[in-house]
Amino acid sequence: MSRRTYLGMPAFPRAAELSTREATLRGNLRHATHTIRDKRAKAVGELEDWTRLRAAGAAVKNRTLRHLDHYLEQVEERVTAAGGRVHWAADADEANRIVTDLVRATGEREVVKVKSMATQEIGLNDALARAGITACETDLAELIVQLGDDLPSHILVPAIHRNRSEIRDIFRERMADWGRPAPDDLTDAPAELAEAARLHLREKFLRARVGVSGANFIVAETGTLVVVESEGNGRMCLTLPETLISVVGIEKIVPTWRDLEVFLQLLPRSSTAERMNPYTSMWTGTREDDGPRAFHLVLLDNGRTDTLADTVGRQALRCIRCSACLNVCPVYERAGGHAYGSPYPGPIGAILTPQLRGTEGPLEQSLPYASSLCGACYEVCPVAIDIPEVLVHLRERVVEGGEVTRQGTKVTIRPAKGHAAERAAMRAARWTLDHPGALRAGQRLASHTRRLHPKRLPGPGRAWTRTRDLPEVPAESFRDWWRRTRGEEERRSGGGAQERTRGEGGKRTRGEGGGGR
């Protein structure tokens, strides 16, 4: 199945309904996510100060976001002073146009790419293809996805939905279309698959004149960009080409090198369960005798400034793309990454995508509901993003509408269609809880009619009870149970205390049970 674009993806419930039927997909996901999260837990457990590191990471990100305008200007100044050139992109179209024009100016028709979430977000590969430019992915998992005419389904391991046999078949069938073919006798042994990819990619590295990357971090005080990876392909792309173009979200800034130290401890343990990344590449502008001769930094907004205006939702911008939340999420494990219709799957995608794109589309309206709110994602997040809090916040936005920021302007959005019954139910619940008499009457009515209750709800509730029974209503409410079992005892003890406080002539005196009045 070709999945080269996320455009037109159905809402999450429909997409998840289809993906959960694929037994092979679910098996691949279950094995991979359980393996990764078990290794991560051991790596994190080695650090006694992990909780303090986590708090420090959140604090650094919060401080940076509060003063983001200052740090962005500092980055531009430092990168320019080091020989680079900074471009500002308000949205995906502008970023794609900038990168396409820069590649065209070199006269090249092929670029090599470092794994980059930002370029996936803007659809850069497709934009370059429309301009007659081939973008070659060099990360092993991204290569598998590209050769398979597929889409990534995980932040860290984009081909997590493929097993070794599927990868062998993809290499055999498609590798020749992109360059050096796979060996005829290729098996599904990991070493053989890695060697086939290495030989295929080596030719591209050696002839490439233009490289495209993202960045994990930008250090504002020097204008230094940082890429962490496990394979070494990123370093080849960052050092061999004559021109390097980096597309980076504006939230990737850290103020100082000392701040970077915190994240170089948090990220590898949370993502690959390693104490440090095998390859950490850093570059500042250009140098005459080392690396690319031309460096361009494209700072990408694409909804990030609007997200920053939301005091609850802005914490999503702290994300360092470790993918730990995906590996513990029961919804992601069963539905897979493609069901989220975005380069950002899993819990972080469920809160980031609706904020970057807005909640006007059916897919974006459904994503805040793609969670059980179990809280496991918050527990493992290395920068303490309270994903359940943001999910509930976005659900309220979908159901109630209200004021949001779009392209820097305050606008009022209408409630999403299909939630009228939910709104009515919540308003009725609020009124009932505000009126204790009505609540008691409703509880007693429910108890007295409990034998007549169905096990499945009709109408809008049908979907919820399709896979679960309604809880049985108890024979009496807690209030009635308490009054029946404890009420008489309290009345007796209260009455006795009253008698002991009465003096001669029946006059009340200060004493036990009298309250001192």
Side-chain angles (χ1 to χ4, degrees), residues 13 311-312 329-331 347 350-351 365-366 368-379 386-402 415-416 418-503 506-517:
T311 56
V312 176
C329 178
V331 177
I351 65 171
Q365 290 170 359
S366 70
Y369 295 89
S371 170
S372 64
L373 298 180
C374 67
C377 50
Y378 169 69
E379 295 298 329
D386 194 341
I387 293 178
E389 178 189 29
V390 183
L391 286 167
V392 173
H393 172 67
L394 292 175
R395 291 180 185 186
E396 180 183 6
R397 179 181 300 175
V398 170
V399 174
E400 300 289 347
H419 293 274
E422 183 179 351
R423 286 194 294 274
M426 290 300 102
R427 288 167 185 164
R430 181 172 58 190
W431 183 90
T432 303
L433 293 172
D434 283 341
H435 296 78
L439 177 61
R440 285 194 296 271
Q443 290 173 332
R444 288 171 179 168
L445 178 62
S447 296
H448 294 157
T449 60
R450 65 195 188 100
R451 297 184 184 279
L452 304 177
H453 295 177
K455 292 188 176 181
R456 300 285 186 274
L457 289 175
R462 185 182 298 113
W464 194 85
T465 55
R466 187 188 310 162
T467 55
R468 56 179 68 82
D469 291 338
L470 280 175
E472 292 187 5
V473 176
E476 59 182 341
S477 69
F478 177 80
R479 286 173 179 269
D480 289 344
W481 173 85
W482 183 270
R483 184 176 290 107
R484 178 173 58 82
T485 59
R486 305 292 178 89
E488 186 62 32
E489 178 183 340
E490 288 186 350
R491 282 194 294 273
R492 285 198 305 268
S493 62
Q498 288 280 50
E499 290 299 322
R500 287 192 298 272
T501 62
R502 296 186 183 277
K507 293 182 180 179
R508 190 177 185 86
T509 63
R510 296 184 64 175
E512 184 180 358
R517 293 181 296 178

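Heavy atoms only: backbone and side chains are in, while hydrogens, waters and symmetry mates are out. Each residue takes its place number in the sequence, starting with 1.
Nearest heavy-atom pair across V398 and P368 is CG2-CG, 4.4 Å. Summarising the geometry of H453 relative to A446, their closest heavy-atom pair is CE1-O, 3.3 Å, with the distance given to 0.1 Å. Nearest approach of T465 to R456, heavy atoms of both residues: O-CD, 2.8 Å. Contact record, A350 with L391: CB-CD2, 3.8 Å, taken as the closest heavy-atom pair. Residue Y369 comes nearest to H419 through the heavy atom pair OH-CE1, 3.6 Å, listed as atom of the first residue, atom of the second, then distance. Taking both residues in full, the closest heavy atoms of G375 and P388 are given as CA-CG, 3.9 Å, listed atom of the first, atom of the second, then distance.
Looking at S447, its side chain does come within 3.5 Å of a backbone N or O of P474 through a donor-acceptor pair. Panel note: side chain S477, backbone D480; a donor-acceptor pair is recorded below 3.5 Å.
Distance check: H435 NE2 to R440 CZ gives 12.5 Å after rounding to the nearest 0.5 Å. In this structure, CG on L373 lies 12.0 Å from CD on E389, to the nearest 0.5 angstrom. We find the CD1-CG distance between I351 and D386 to be 9.0 Å, quoted to the nearest 0.5 Å. Atom-to-atom distance recorded for R479:CZ and Q443:CD is 6.5 Å, nearest 0.5 angstrom. Taken to the nearest 0.5 Å, the CZ atom of R483 stands 10.5 Å off from the OG1 atom of T485.
Between E476 and the choices R450, R444, R484, the salt bridge (Lys or Arg N to Asp or Glu O under 4.0 Å) rule is met once, by R484. Here the rule is side chain to side chain contact (heavy atoms under 4.5 Å, CB included) with P415, and of Q365, E400, R423 only R423 fits it.
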Item to check | Stepwise side chain to side chain contact (heavy atoms under 4.5 Å, CB included) check, V312 with E396 | outcome: CA-CA 12 Å; V312 176; E396 180 183 6; over 6 Å; no
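The environment of CZ in R468 is crowded: more than 12 heavy-atom neighbours from other residues, nucleotides or ligands sit within 6.0 Å.
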